[in-house]
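Worksheet: one structure, shown below.
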Amino acid sequence: MDEERFNMALRKFLKEVGVTSQREIEKVVRDGKAKGDVLKVRMTLVSDDGALDHVVEGEIPIG
């Protein structure tokens with residue numbers, strides 16, 4: 001495995017996930033679709049061709 005190539009591809013993927021996720025969260029909050037003072041979020045990372053199933057949960061204060 002080419003470590004440098006792998007790390008570059010991984011960072012590119014994670015950057016895309018971060019940027020697009022932030023946009024979607026901001027849109028939900030801006031459009032008033034979030035109820036209450038906290039937005040509960042869950043991100044699920046799965047791979048169809050690998051043993052990967054990872055869940056991250058959190059709360060984002062919006063009030």
Side-chain angles (χ1 to χ4, degrees):
M1 174 174 66
D2 183 341
E3 289 284 333
E4 186 174 338
R5 184 174 174 206
F6 170 72
N7 283 330
M8 292 293 285
L10 178 57
R11 288 177 186 187
K12 182 179 177 182
F13 173 75
L14 291 174
K15 183 176 180 179
E16 182 178 345
V17 168
V19 170
T20 58
S21 298
Q22 181 173 347
R23 283 187 197 140
E24 291 300 314
I25 291 168
E26 289 172 344
K27 182 178 175 185
V28 165
V29 173
R30 187 175 44 254
D31 293 348
K33 295 179 180 177
K35 301 191 184 342
D37 293 331
V38 175
L39 181 65
K40 294 182 181 181
V41 293
R42 176 177 44 250
M43 178 72 68
T44 304
L45 177 63
V46 296
S47 172
D48 293 337
D49 56 356
L52 178 60
D53 188 356
H54 180 71
V55 177
V56 177
E57 294 180 329
E59 295 183 348
I60 302 170
I62 58 174

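- A chain of hydrophobic side-chain contacts below 4.5 Å, direct or via other Ile, Leu, Val, Met, Phe, Trp or Tyr residues, connects Val41 to Val29.
- Remark: Glu4 CD is loosely packed, at most 12 non-hydrogen atoms of other residues, nucleotides or ligands lying under 6.0 Å away.
- Remark: Lys33 pairs with Val28, Asp31 by the side chain to side chain contact (heavy atoms under 4.5 Å, CB included) rule, at least two apart or across chains.
- For the atom pair OG1 (Thr20) and CD1 (Ile25), the distance works out to 9.5 Å, reported to the nearest 0.5 Å.
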Item to check | CA sep, side-chain torsions, deciding dist, call: Thr44, Asp53, side chain to side chain contact (heavy atoms under 4.5 Å, CB included) | outcome: CA-CA 7 Å; Thr44 304; Asp53 188 356; 3.9 Å; yes
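- Going from atom CZ of Arg5 over to atom CE of Met8 covers 11.5 Å, rounded to the nearest 0.5 Å.
- For the atom pair CZ of Arg30 and CD1 of Ile62, the computed distance is 13.0 Å after rounding to the nearest 0.5 Å.
- In this structure, Val55 shares a hydrophobic cluster with no other residue, the cluster being traced through Ile, Leu, Val, Met, Phe, Trp and Tyr side chains under 4.5 angstrom apart.
- Grouping Ile, Leu, Val, Met, Phe, Trp and Tyr by side-chain contacts under 4.5 Å, direct or through others, puts Val17 with Met1, Phe6, Leu10, Phe13, Leu14, Met43, Leu45, Leu52.
- Closest heavy-atom contact between Leu39 and Ala34: CD1-CB, 4.0 Å.
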